[in-house]
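Quick note: residue numbers are just sequence positions, from 1.
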Amino acid sequence: MRSILLVCMIALLGTGCSKFAKVQKSTDYDYKLRMADQYFAKKKYMYAQQLYEELFPLLKGGDKFEAVYYNFAYCAYYMRDYMNAENLFKGFVEVFPTSKRAEEMEYMRAYTFYKQSPKVELDQTNTIKAIGLMQAFINTHPGSERNKEATAIIDEGRAKLELKEYKAAELYFNLRQFKAAAISYTNLLENYPDSEKSDAYKLEVIRSYFEYAVLSIDEKKEERFNKVIEQCNEFSDRFPESKLKGEVANFLSTSQSNIKAIKNEQVKTSA
């Protein structure tokens, strides 16, 4: 039974390829265009793409060129060739800037970068480009019905970039590079000041500076525990209602106690 099915599939595939070859060899360009449109409608994008590409130089400048360019761009998109699709969407807007489809093409160009946005651990160049182009789209099309989705994509992209920065800071802390961790968490807080996790990031700044102070040589401990106290005071000013203020209070009191102990030891030594 499996052998029969396999033979049938090969036969059907061969028939389809044979039919396409005849279309491709045809010199009736109207017929070729109709077939390209049919292939596109049936989601046979590879066949449609090849025919549209052959028709491109013949139809350029004509009445049908815009529709062909439009479908040709979407062939690349539906085949997940996002790099080529991005160039084609961009090219469409450049060739047909006043077209009713131009807004859609601008949006789709930005969307191709969103589709190429990788996992958090990888390089986020495409995420950054998607955010930039989506914001540019919103700015140039303030009344577009696509702006709601564009805003959601921007928020999603920023959340991904925020998480990537957080993971980098967390890695520094886990590697016991506490000063680098403190700086990274500070940058994270500055880059995403409206984040729901802002108070948690500030707590990690405090924790990192505290661990840095603990591991410091005696001559640097007082200065670095004072840095912890400074950060604790900043936390209290900025996040007076935070649920994390108890942990911050512990770092504050411990740092103050450590400084007191250091000063007492200095007095004993000088005596």
Next on the checklist: Let's go through Asp37 and Lys42 carefully: what are the C-alpha distance in whole Å and the side-chain angles of both, what is the deciding distance for salt bridge (Lys or Arg N to Asp or Glu O under 4.0 Å) to 0.1 Å, and is it a yes or a no?
Outcome noted: CA-CA 9 Å; Asp37 290 340; Lys42 293 178 180 178; over 6 Å; no
Checklist entry - Does some side-chain heavy atom of Thr254 sit less than 4.5 Å from a side-chain heavy atom of Phe210? => result yes
Next on the checklist: Please check this pair: side chain of Glu211 against backbone of Ile206, looking for a donor-acceptor N/O pair closer than 3.5 Å.
Outcome noted: no
Next on the checklist: Within the structure provided, determine whether Tyr39 and Met35 are in side-chain contact (heavy-atom separation under 4.5 Å).
Outcome noted: yes
Checklist entry - Same cluster or not: are Met83 and Met134 linked, directly or through other Ile, Leu, Val, Met, Phe, Trp or Tyr residues, by side-chain heavy atoms under 4.5 angstrom apart? => result no
Next on the checklist: For Tyr212, is there any backbone N or O sitting under 3.5 Å from a side-chain donor or acceptor partner on Ser216?
Outcome noted: yes
Checklist entry - Can you tell me how far the OG atom of Ser144 sits from the CD atom of Glu106, to the nearest 0.5 Å? => result 9.5 Å
Item to check | CG/Asp63: more than 12 non-hydrogen atoms of other groups inside 6.0 Å | outcome: no
Item to check | Stepwise side-chain hydrogen bond (donor to acceptor under 3.5 Å, both in side chains) check, Asn226 with Glu230 | outcome: CA-CA 6 Å; Asn226 273 319; Glu230 175 189 321; over 6 Å; no
Checklist entry - NZ/Lys44 to OH/Tyr47 distance, rounded to the nearest 0.5 angstrom? => result 7.0 Å
Item to check | For the student: nearest non-hydrogen atoms of Pro142 and Asn147, plus distance | outcome: O-ND2, 3.2 Å
Next on the checklist: Set out, in order, the CA-CA distance, both residues' side-chain angles and the distance that settles side chain to side chain contact (heavy atoms under 4.5 Å, CB included) for Glu241 and Phe239, then state yes or no.
Outcome noted: CA-CA 6 Å; Glu241 304 300 324; Phe239 308 106; over 6 Å; no
Item to check | Lys160/Asp155 ion pair, N-O < 4.0 Å | outcome: no
Next on the checklist: Check this for me: Lys179, atom NZ, are more than 12 non-hydrogen atoms of other residues, nucleotides or ligands nearer than 6.0 Å?
Outcome noted: no
Checklist entry - Under the side chain to side chain contact (heavy atoms under 4.5 Å, CB included) criterion, do Phe113 and Thr125 qualify, and how do the steps go? => result CA-CA 9 Å; Phe113 284 111; Thr125 298; over 6 Å; no
Item to check | Shortest non-hydrogen contact between Ala181 and Ala169, atoms and distance | outcome: CB-O, 3.9 Å
Checklist entry - Does a donor on one side chain and an acceptor on the other come within less than 3.5 Å for Glu165 and Asn187? => result no
Checklist entry - Are Arg238 and Leu189 close enough that some pair of their side-chain heavy atoms sits under 4.5 Å apart? => result yes
Item to check | Ring-ring centroid check Tyr201 Tyr185, cutoff 6.0 Å | outcome: no
Next on the checklist: Is there a path of hydrophobic side-chain contacts, each under 4.5 Å between heavy atoms of I/L/V/M/F/W/Y residues, joining Tyr192 to Leu171?
Outcome noted: no
Checklist entry - Would you say Phe173 has more than 12 foreign heavy atoms packed within less than 6.0 Å of its CZ? => result yes
Item to check | Arg207/Glu247 salt bridge by N-O under 4.0 Å criterion | outcome: yes
Next on the checklist: Measuring from atom NZ of Lys167 to atom CD of Glu121, what distance do you get when rounded to the nearest 0.5 angstrom?
Outcome noted: 5.5 Å
Checklist outcome for this item: Minimal heavy-atom distance between Leu88 and Ala76, with the atoms involved, is CD1-CB, 4.1 Å
Checklist entry - Between the side chains of Gln124 and Lys164, does any donor sit under 3.5 Å from an acceptor? => result no
Checklist outcome for this item: Tightest non-hydrogen contact, residues Lys32 and Val23, listed as CE-O, 3.3 Å
Next on the checklist: For Pro240 versus Lys245, what's the shortest heavy-atom pair and its separation?
Outcome noted: O-NZ, 3.5 Å
Checklist entry - Do any N or O atoms from the side chain of Ser99 and from the backbone of Phe96 form a donor-acceptor pair under 3.5 angstrom? => result no
Checklist entry - Honestly curious: do Ile128 and Leu122 fall in one hydrophobic cluster under the side-chain, below-4.5 Å linking rule? => result no
Item to check | Stepwise side chain to side chain contact (heavy atoms under 4.5 Å, CB included) check, Leu59 with Tyr69 | outcome: CA-CA 10 Å; Leu59 299 176; Tyr69 205 135; over 6 Å; no
Checklist entry - Can you check whether Gln50 reaches Tyr52 side chain to side chain, under 4.5 Å on heavy atoms? => result no
Next on the checklist: Do Leu33 and Met46 land in one hydrophobic cluster if side-chain heavy atoms of ILVMFWY residues count as linked below 4.5 Å?
Outcome noted: yes
Checklist entry - Is a side-chain N or O of Ser198 found less than 3.5 angstrom from the main chain of Pro193, in a donor-acceptor match? => result yes
Item to check | Separation of Tyr82 OH from Tyr114 OH (nearest 0.5 Å) | outcome: 10.5 Å
Item to check | Intermediate values then yes/no, side chain to side chain contact (heavy atoms under 4.5 Å, CB included), Ile183 and Tyr172 | outcome: CA-CA 10 Å; Ile183 293 171; Tyr172 279 127; over 6 Å; no
Item to check | Worked check of ring-ring contact (aromatic ring centres under 6.0 Å, His included) between Phe56 and Phe65 | outcome: CA-CA 7 Å; Phe56 236 61; Phe65 187 52; 5.0 Å; yes
Next on the checklist: Between Glu103 and Arg146, does any side-chain N to carboxylate O distance fall below 4.0 Å?
Outcome noted: yes
Checklist entry - Hey, what do you get for CD1 (Ile138) to NZ (Lys148), rounding to the nearest 0.5 Å? => result 13.0 Å
Item to check | Non-hydrogen atoms of Val93 and Ala102 that approach each other most closely | outcome: CG2-O, 3.7 Å
Checklist entry - What do you reckon, is CE of Met79 surrounded by more than 12 foreign heavy atoms closer than 6.0 Å? => result yes
Checklist entry - Tyr70 and Glu104: side-chain donor and acceptor closer than 3.5 Å? => result yes
Item to check | Backbone of Thr112 reached by a side-chain donor or acceptor of Gln116 within 3.5 Å | outcome: yes
Checklist entry - Do Lys220 and Ile217 touch side chain to side chain, with heavy atoms closer than 4.5 Å? => result yes
Checklist entry - Do Ile229 and Val214 belong to the same hydrophobic cluster, where Ile, Leu, Val, Met, Phe, Trp and Tyr are linked whenever their side-chain heavy atoms lie under 4.5 Å apart, directly or via other members? => result yes
Checklist entry - Under a 4.5 Å cut-off applied to non-hydrogen side-chain atoms, are Ser195 and Leu188 in contact? => result no
Next on the checklist: Please tell me whether Glu170 and Asn174 have a donor and an acceptor in their side chains that are separated by less than 3.5 angstrom.
Outcome noted: no
Checklist entry - Can a cation-pi geometry be assigned to Lys227 and Tyr209, taking NZ or CZ under 6.0 Å from the six-membered ring centre and within 45° of the ring axis? => result yes
Item to check | Nearest-0.5 Å distance, CG of residue Asp81 to OH of residue Tyr45 | outcome: 14.5 Å
Checklist entry - Taking C-beta and beyond as the side chain, do Phe40 and Tyr78 meet within less than 4.5 Å on heavy atoms? => result yes
Checklist entry - Side chains of Tyr107 and Ile153: closer than 4.5 Å at any heavy-atom pair? => result yes
